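Down below is the structure, laid out as structure tokens.
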Amino acid sequence: MVSFLQISGSKLVFAAGFILITVLILPYTSDAITLLNDDAQKYVDNVIKQFEEDSQRFNHCPIVYPPLPPPGSPKEDYFRPKLMLWSPQEQFGIVIQCPLHGHELRPYQWTSDISGKGGEMARLVYDLMENVILIQRIYLCSNGRRRHWMRATTPDIHTALPSHIQESFPAVIFQRCSFTKTVVHYIDTEVERGVNFLKISEGLASLHYREYLRRRRIYLKACGNVAARMSESSDFHSNVLYSFPSSDQLTKVFLFNFEQNKFIYDNEMATLSVSSLSCDHTFKISRNVGLVRETDNTFVTQFNQLFISLNEIGQVVAWRLTKSATFSEIEDLLVDLKKRNSLAGNTVDLVCVDDCCRVRNKYTNIFPNVVVKLDLFHACQRVTKTFSRQHPLCKDVTRDFVQIFREDDDQGEMRLKKTPSKQKIEKNLNAFVDRWSNFPENPLSEATFEEISHIRQHVQKGCLSDIPPGCGTERNEGLHRLLNRSLISGATRISVQLAIALLSILFFYHNSGETHLQYTS
């Protein structure tokens, strides 16, 4: 069992227990594949013969897995490739017309050559647990004397198929490389977990190696030749079925898949309603988001902050990458949010921000009659961050300070009532200061008293009163953790296109998984 994998220089190093196996990184594979294996070619030809005899046997499962050879079979039989046969006209009993001339296409040949001995070449498709070989039909259009042919996966042919058959095709075909949809989903899943593209590439290589070892174990168990059992296999690195895509290729596939599904992410967010809006402009992106200037090959940082707006149940309803925290950078975004919310028959009654007194008029210009409050999470954080984490009473004083903004009968783990009146909050604040100032080991510092003075001004203006439970960016703790473990966080550079794709997908899944009943303020 492989315990870890890493890429170092031009070598791929697997560690299996205490045995190190060094394998050269496989070269980039283009659209054609050559295995130089006559046995594999015979296997492909036999599967095609079975297809010709009964094509609709393959309409539900275009990927064909090789059968288990009987004991005593040659080693090559245990490493036969997975095949993907695609001849949709025959598989699904439909008629395909030439997109250029309108004539019915006739099945002509197959792209079945994997031995390099002539014929149309098959194509490698990156997959999990060993790659797959695409064997596709070549169709012929007889347009008088001007005949021409085209492959079954060309865009003109593929888009002419019924939509459900298009969707059933298990691969994504590019000009120079191809991927099964399983790999595409694997890439998306790993990216959502914060795994970078180099690590994803290593993961694919590791899965290939595990499959190779599984097949080799089967062969050794079935082999009665002691010499063969003891011999060390060295053909993993030379077998194109175990090649894997580079991190650059994976990035391009991820971005392509995002562009194909971008409308889903945009439309889903556009349908979300808002009555209470929480705006957070405090998330600083530690990565440099920008582009490389072509004239001098210098990286130019374009954005370093992220503005996020949440509704009353914690869903992200609007966001934007920004250069700074100035209101002018997000004003049109809020105007668009107001318009779509109004068209849905909803109004925004409350806005919670971290700089309420400075931007109150700007928000009321966009959302008439809206009440602008100081975000409770940020208000508490400004004070609690001054407590020394090394102080033995840090947790106790933090917990006690948060309770200042609770009614006397609302002291549970979750706040269930509105925050008290400004008179009640100031009374609680004074009691907090008196209680902890007279404590033998006073955990309050000069910085604490300075922040309390600032908070007191907001309390006296009513900026922290009558805030409903669940309103505010306290929900953002989970969202910040999600972003911090994603590729958007770190110390390296990232393109604007990739940053937008990552954030769109992360917010989509955050919104989909948001529980609507958990208030933590």
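Keep in mind it's a predicted model, so treat the numbers as computed, not measured.
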Pairs flagged by salt bridge (Lys or Arg N to Asp or Glu O under 4.0 Å) wherever residues 249-263 is involved - sequence neighbours left out: K262-D266

Worked verdict on D296 versus T298 for side chain to side chain donor-acceptor pair (under 3.5 Å): CA-CA 5 Å; D296 56 2; T298 300; 3.3 Å; yes

Matching residue for Y186 among D127, I200, L250 - test: side chain to side chain contact (heavy atoms under 4.5 Å, CB included): I200

Qualifying residue, where the test is side chain to side chain contact (heavy atoms under 4.5 Å, CB included) with F307 and the options are I330, D280, L321: I330

Assess the pair [X] and [Y]: is the distance between their ring centroids shorter than 6.0 Å?
| X | Y | result |
| --- | --- | --- |
| F236 | Y209 | yes |
| F244 | Y126 | no |
| W319 | F507 | yes |
| F169 | W86 | yes |

Audit row: S142, R106, side chain to side chain donor-acceptor pair (under 3.5 Å) steps and yes/no: CA-CA 8 Å; S142 299; R106 294 189 292 109; 2.9 Å; yes

When you look at [atom1] of [X], are more than 12 heavy atoms from neighbouring residues, nucleotides or ligands closer to it than 6.0 Å?
| X | atom1 | answer |
| --- | --- | --- |
| E167 | CD | no |
| N297 | CG | no |
| F299 | CZ | yes |

Test side chain to side chain donor-acceptor pair (under 3.5 Å) applied to Q91 and S55, step by step: CA-CA 5 Å; Q91 282 170 292; S55 59; over 6 Å; no

Quick test of your reading of the model: are [X] and [Y] salt-bridged, counting only N-O distances below 4.0 Å?
| X | Y | answer |
| --- | --- | --- |
| E52 | R137 | yes |
| E329 | K323 | no |
| K199 | E190 | no |
| D45 | K42 | no |

Aromatic plane relationship, Y212 with F79 - under 30° parallel, 30 to 60° tilted, over 60° perpendicular: tilted

Test side-chain contact (heavy atoms from CB on, under 4.5 Å) applied to S243 and N131, step by step: CA-CA 7 Å; S243 62; N131 298 323; 3.3 Å; yes

Locate the shortest heavy-atom distance separating [X] from [Y]; write the atom from each residue and the value.
| X | Y | value |
| --- | --- | --- |
| L83 | V132 | C-CG2, 3.7 Å |
| P245 | S201 | O-OG, 2.7 Å |
| H281 | S324 | NE2-O, 3.1 Å |
| A318 | L337 | CB-CD2, 4.4 Å |
| A122 | I114 | CB-CG2, 3.6 Å |
| L161 | Q166 | O-NE2, 2.7 Å |

Side-chain heavy atoms of N341 within contact of S273, under 4.5 Å: yes

Polar side-chain atom of S512 near backbone of F508 as donor-acceptor pair, under 3.5 Å: yes

Working for side-chain contact (heavy atoms from CB on, under 4.5 Å), residues Q50 and D54: CA-CA 6 Å; Q50 295 177 38; D54 186 4; over 6 Å; no

D336 and R320: CA distance, side-chain angles, deciding distance, salt bridge (charged side-chain N to carboxylate O under 4.0 Å, His left out) verdict: CA-CA 12 Å; D336 290 340; R320 173 171 290 176; 5.5 Å; no

S115/D113 under side chain to side chain donor-acceptor pair (under 3.5 Å): CA gap, chis, key distance, verdict: CA-CA 6 Å; S115 62; D113 181 23; 3.2 Å; yes

Stepwise side-chain contact (heavy atoms from CB on, under 4.5 Å) check, I494 with L502: CA-CA 11 Å; I494 187 171; L502 290 167; 3.5 Å; yes

Listed partners of R80 passing salt bridge (Lys or Arg N to Asp or Glu O under 4.0 Å), at least two apart: D39, D77

Stepwise side-chain contact (heavy atoms from CB on, under 4.5 Å) check, E120 with I138: CA-CA 9 Å; E120 294 294 333; I138 298 175; 3.3 Å; yes

